[in-house]
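The structure appears right after this line, and notes come after that.
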Amino acid sequence: MPLVSLNGVTKSYTTPDGGTVVAVDDVSLDIDAGDVYGIIGYSGAGKSTLVRLINALEPATSGSIVVDGVDITRLRERELRQVRSGIGMIFQQFNLFSSKNVKANIAYPLKLAGWSKADIDERVAELLAFVGLSDKAKAYPEQLSGGQKQRVGIARALATRPAILLADEATSALDPQTTHEVLSLLKRVNEEQGVTIVVITHEMDVIQTIATKVAVMENGRVIEKGDVFNVFSDP
Ligand code: ADP
Ligand code: ADP
């Protein structure tokens, strides 16, 4: 059974002038445990909407979304919070708390989840070592480079040991060298920690560097999907 399965998922928005925008249009795709699954498309293709649907931040208009065997389109808010706790997210602009140091940023989701101070200290130390920032625990985000900020973002997203990591344009604000470093780290997250990764991007390079499977989105639809090698092998 796939870890995430979308079946005929459509998401429409009503605009202030009474019109309708179909942001995601009859999308079906399966993400298996262990995949690094790329979703590529131009701006406006529906990628961010798809991420918000998978993360249960917005309800689908129709279709079903099954995460780890549970149809999340049928859940209440309380149960949705449970689903969301199994999904980590990283963002283009990193979304770190500027008033908290690195350690406090990474500890934040653990505090919310009610972990003890001793367990938090141990987990944060482990995560800092994994992302190579053990010497930056006391630093504030503004004192870090873009690549370092994203490594903190990755550590925070992984803190509660989610099965899935959603990366929404996670390298779009980074230069090519730093992009490469962050993608290498994501590959280690996938290979060493067994986390399933969904990579949203408008950059073909990112897909070819890290993804094993890909869905190509255009105007809300998936126009092609499959193994990266097969999808991009056409002349
Ligand atoms: P990107 O395309 O880089 O992901 P955004 O997600 O910010 O950028 O916006 C994509 C498009 O979606 C834009 O045309 C924007 O106007 C529209 N959009 C995003 N959020 C909303 C919203 N809450 N209401 C109306 N339009 C929105
Ligand atoms: P992408 O992430 O690929 O840039 P989006 O999912 O942001 O695409 O947007 C897909 C389409 O849905 C766009 O036409 C955008 O304007 C529209 N859209 C996104 N969010 C909203 C919203 N909250 N209200 C109205 N339209 C939206």
Side-chain angles (χ1 to χ4, degrees), residues 2-31 35-67 71-73 75 77 80-81 83-84 87-96 146 149-150 153-154 157 162 164-176 179 182-183 186 196-226 228 231-232:
L3 185 54
V4 179
S5 186
L6 282 76
N7 303 290
V9 174
T10 292
K11 175 69 184 182
S12 316
Y13 292 105
T14 304
T15 53
D17 62 6
T20 301
V21 178
V22 184
V24 168
D25 188 1
D26 193 22
V27 164
S28 298
L29 56 85
D30 288 336
I31 300 170
D35 279 349
V36 178
Y37 202 111
I39 296 174
I40 189 167
Y42 296 115
S43 184
K47 307 182 296 297
S48 302
T49 303
L50 198 67
V51 168
R52 291 198 297 272
L53 293 171
I54 294 173
N55 206 6
L57 292 172
E58 294 200 54
T61 307
S62 59
S64 74
I65 303 171
V66 180
V67 178
D71 185 348
I72 64 170
T73 50
L75 300 182
E77 189 55 32
L80 286 177
R81 275 203 289 275
V83 173
R84 276 182 216 123
I87 302 179
M89 280 209 73
I90 56 173
F91 309 89
Q92 177 168 2
Q93 294 306 329
F94 320 120
N95 295 19
L96 302 179
K149 283 182 207 169
Q150 196 56 291
I154 290 168
I164 303 168
L165 179 65
L166 297 179
D168 191 356
E169 299 283 1
T171 57
S172 299
L174 304 174
D175 62 62
T179 292
V182 168
L183 293 179
L186 289 177
T196 302
I197 301 184
V198 182
V199 176
I200 310 302
T201 185
H202 64 282
E203 294 171 307
M204 180 76 95
D205 276 1
V206 168
I207 300 292
Q208 290 187 320
T209 303
I210 191 177
T212 49
K213 292 181 196 154
V214 66
V216 183
M217 287 193 80
E218 210 175 279
N219 295 324
R221 296 184 149 260
V222 169
I223 58 167
E224 203 165 357
K225 66 185 173 192
V228 170
V231 169
F232 294 132

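Each ligand, and each atom within it, is numbered from 1 in the order the structure gives.
At least one N or O atom of G46, backbone or side chain, sits closer than 3.5 Å to an N or O atom of ligand 2.
The side chain of V21, and not its backbone, has at least one atom closer than 4.0 Å to an atom of ligand 2 (non-hydrogen atoms only; side chain from C-beta on). Contacts between R52 and ligand 2 below 4.0 angstrom, taking non-hydrogen atoms only, involve the side chain exclusively.
The closest approach between a heavy atom of G41 and any atom of ligand 2 is not below 4.0 Å. Assignment of M217 to the shell around ligand 2 is not supported, since no heavy atom sits closer than 4.0 Å.
Closest approach of E203 to T171, counting heavy atoms only: OE1-OG1, 4.0 Å. Residues G220 and V27 come closest through the heavy atom pair O-CG2, 3.4 Å.
Listed by number with element, the atoms of ligand 2 under 4.0 angstrom from any heavy atom of Y42 are 3 (O). Of all atoms in ligand 2, listed by their number and element, those nearer than 4.0 Å to a heavy atom of S43 are 4 (O).
Put simply, the side chain of N219 does not reach to within 4.5 Å of the side chain of D25, judged on heavy atoms.
With values rounded to the nearest 0.5 angstrom, L29 atom CG is found 9.0 Å from N7 atom CG. For the atom pair CG of N95 and CD1 of I90, the computed distance is 10.5 Å after rounding to the nearest 0.5 Å.
In terms of the salt bridge (Lys or Arg N to Asp or Glu O under 4.0 Å) criterion, residue partners of R84 (sequence neighbours excluded) are, by chain and number, E77. Under the rule for a side-chain hydrogen bond (donor to acceptor under 3.5 Å, both in side chains), S62 has no partner lying at least two apart in sequence or in another chain.
Of all the listed residues (G44, A45, G19), G44 holds the heavy atom that lies closest to atom 11 (C) of ligand 2. Comparing heavy-atom distances from atom 9 (O) of ligand 2 across N219, I200, T49 singles out T49 as nearest.
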